[in-house]
Amino acid sequence: MKAFVTMMAGYNAWANTRLYAAVETLSEAQYFEDRGAFFGSLHGTLNHILVGDHIWMHRFTGDGPLPAQLDTVLHDTLTALRAAREAEDARIIAYTNGLSEADLRHTFTYTPVTSPEPVTQPLAPALAHLFNHQTHHRGQAHGMLSQLSVDPPSLDLIRYQRERGVGMG
């Protein structure tokens, strides 16, 4: 499981870098325009991904920002959001690199943003959710880029694995 979570942390950073590079080709109007996605615009969607990461990393580590709402706008500009994204990706990589197999089996307890009832679960499945959540919303952003006639980058995990030589053996 350790190899899986470290691979996924690297994959998410790689995919985020590729996605942000494509988003940076847009005009400001295109970036902020409501596209009918769950969080409206590319800006809202990218902010939400970072919000989710902050929430989960706070649950895992007890450190870092803890947004109160899932639609919190953390940064008003793409430049600031990208810098924060890169910092959070580095934090996730460092965190997963420091985990042991035993750590991944331990449980932790947290209170969801959407419910007052505490939840206890093993760490490994919660990390899988963190990575899946990013992938889900990056897919929405990818679709919005397609609507704008931007050639969205490949974000396939297998491409990352082949490029980086991870998860192939």
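Residues take their numbers from the sequence shown, with the count starting at 1. All values below were derived from every heavy atom in this structure, side-chain atoms included, with hydrogens, water molecules and symmetry-related copies excluded.
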Query raised in the report: Should the heavy atoms of other residues, nucleotides or ligands under 6.0 Å from NE2 of His129 be counted, would the total exceed 12?
Result: yes
Query raised in the report: Side-chain contact, heavy-atom cut-off 4.5 Å: Tyr20 with Leu81?
Result: yes
Report summary line: Paired with Met8, the side chain to side chain contact (heavy atoms under 4.5 Å, CB included) test is passed by just one of Asn132, Leu157, Thr96, Leu127, namely Leu157
Report summary line: On a heavy-atom basis, the closest approach of Ala22 and Val150 is O-CG1, 4.4 Å
Query raised in the report: Do Tyr110 and Gln121 meet the criterion of a side-chain donor-acceptor pair at a distance under 3.5 Å?
Result: yes
Requested in this report: First locate atom CE of Met57, then atom CG of Asp63, and finally report the distance between them rounded to the nearest 0.5 Å.
Outcome: 9.0 Å
Query raised in the report: Side chains of His133 and His48: donor-acceptor distance under 3.5 Å anywhere?
Result: yes
Query raised in the report: Does Leu155 offer a backbone N or O that forms a donor-acceptor pair with the side chain of Tyr11 under 3.5 Å?
Result: yes
Query - Non-hydrogen side-chain atoms of Leu130 and Arg59 separated by less than 4.5 Å - result: no
**Report entry** Full working for side chain to side chain contact (heavy atoms under 4.5 Å, CB included) between Arg138 and Asn16
**Finding:** CA-CA 8 Å; Arg138 273 195 308 265; Asn16 287 331; 3.1 Å; yes
Query raised in the report: Mind checking whether Asp71 and Val51 have side chains closer than 4.5 Å, heavy atoms only?
Result: no
Query - Nearest non-hydrogen partners of Thr72 and Pro67, listed with the distance - result: OG1-CB, 4.0 Å
Requested in this report: Indicate if Leu104 and Val119 have the same hydrophobic cluster label, given that clusters are the connected sets of ILVMFWY residues with side-chain heavy-atom separations under 4.5 angstrom.
Outcome: yes
Query raised in the report: NE2/His142 to CG/Leu42 distance, rounded to the nearest 0.5 angstrom?
Result: 11.5 Å
Report task. For the residue pair Leu99 and Leu123, establish whether any side-chain heavy-atom pair is separated by less than 4.5 Å. Result -> yes
Query - From Gln30 atom CD to Glu33 atom CD, the distance as rounded to the nearest 0.5 Å - result: 7.5 Å
**Report entry** Worked verdict on Asn12 versus Ile93 for side chain to side chain contact (heavy atoms under 4.5 Å, CB included)
**Finding:** CA-CA 9 Å; Asn12 277 293; Ile93 289 169; over 6 Å; no
Report task. Determine, using the 4.5 Å side-chain heavy-atom cutoff (strictly less than), whether Leu19 and Leu78 are members of one ILVMFWY cluster. Result -> yes
**Report entry** Heavy-atom closest contact (Met7 atom, Tyr160 atom, distance)
**Finding:** O-CE2, 3.7 Å
Query - Donor-acceptor contact below 3.5 Å, side chain Glu101 vs main chain Lys2 - result: yes
Query raised in the report: Does any N or O in the side chain of Asn47 come within less than 3.5 Å of the main-chain N or O of His75, such that one atom is a donor and the other an acceptor?
Result: yes
Query raised in the report: Say you draw a straight line from CD of Gln161 to CZ of Arg164; how long is it, rounded to the nearest 0.5 Å?
Result: 12.0 Å
Report task. Return the orientation label for the Tyr95 and Phe60 ring planes: parallel under 30°, perpendicular over 60°, tilted otherwise. Result -> parallel
Query raised in the report: With a cut-off of 6.0 Å (strictly less than), are more than 12 heavy atoms of other residues, nucleotides or ligands near CG of Asp76?
Result: no
Query raised in the report: In terms of hydrophobic clustering (I, L, V, M, F, W, Y; side-chain heavy atoms under 4.5 Å; direct or indirect links), are Phe38 and Ile49 co-clustered?
Result: no
Query raised in the report: How far apart are the closest heavy atoms of Ala37 and Thr45, and which atoms are they?
Result: CB-OG1, 4.2 Å
Requested in this report: Could you give me the CA-CA distance, side-chain angles and deciding distance for Thr114 and Leu70, then say whether side chain to side chain contact (heavy atoms under 4.5 Å, CB included) is met?
Outcome: CA-CA 9 Å; Thr114 57; Leu70 298 175; 3.9 Å; yes
Requested in this report: Report yes if some heavy atom in the side chain of Met144 is under 4.5 Å from a heavy atom in the side chain of Val23; otherwise report no.
Outcome: no
**Report entry** Derivation and outcome, side chain to side chain contact (heavy atoms under 4.5 Å, CB included), residues Arg105 and Met1
**Finding:** CA-CA 9 Å; Arg105 289 188 297 273; Met1 189 53 138; over 6 Å; no
Query raised in the report: Under a 4.5 Å side-chain heavy-atom rule over Ile, Leu, Val, Met, Phe, Trp and Tyr, are Ile55 and Val73 clustered together?
Result: no
Query raised in the report: So, the side chain of Arg18 versus the backbone of Ser154: is there a donor-acceptor pair under 3.5 Å, distance only?
Result: yes
Query raised in the report: With distance as the sole test, does Thr135 use its side chain to make a donor-acceptor pair with the main-chain N or O of Phe131 at under 3.5 Å?
Result: yes
Query raised in the report: Do the side-chain N and O atoms of Arg91 and Thr61 include a donor-acceptor pair separated by under 3.5 angstrom?
Result: yes
Query raised in the report: Does one hydrophobic cluster hold both Trp14 and Val5, with members joined at side-chain heavy-atom distances below 4.5 Å?
Result: yes
**Report entry** Heavy-atom closest pair, residues Leu46 and Ala141
**Finding:** CD2-CB, 4.5 Å
Query - For the student: nearest non-hydrogen atoms of Phe108 and Pro122, plus distance - result: CE2-O, 3.9 Å
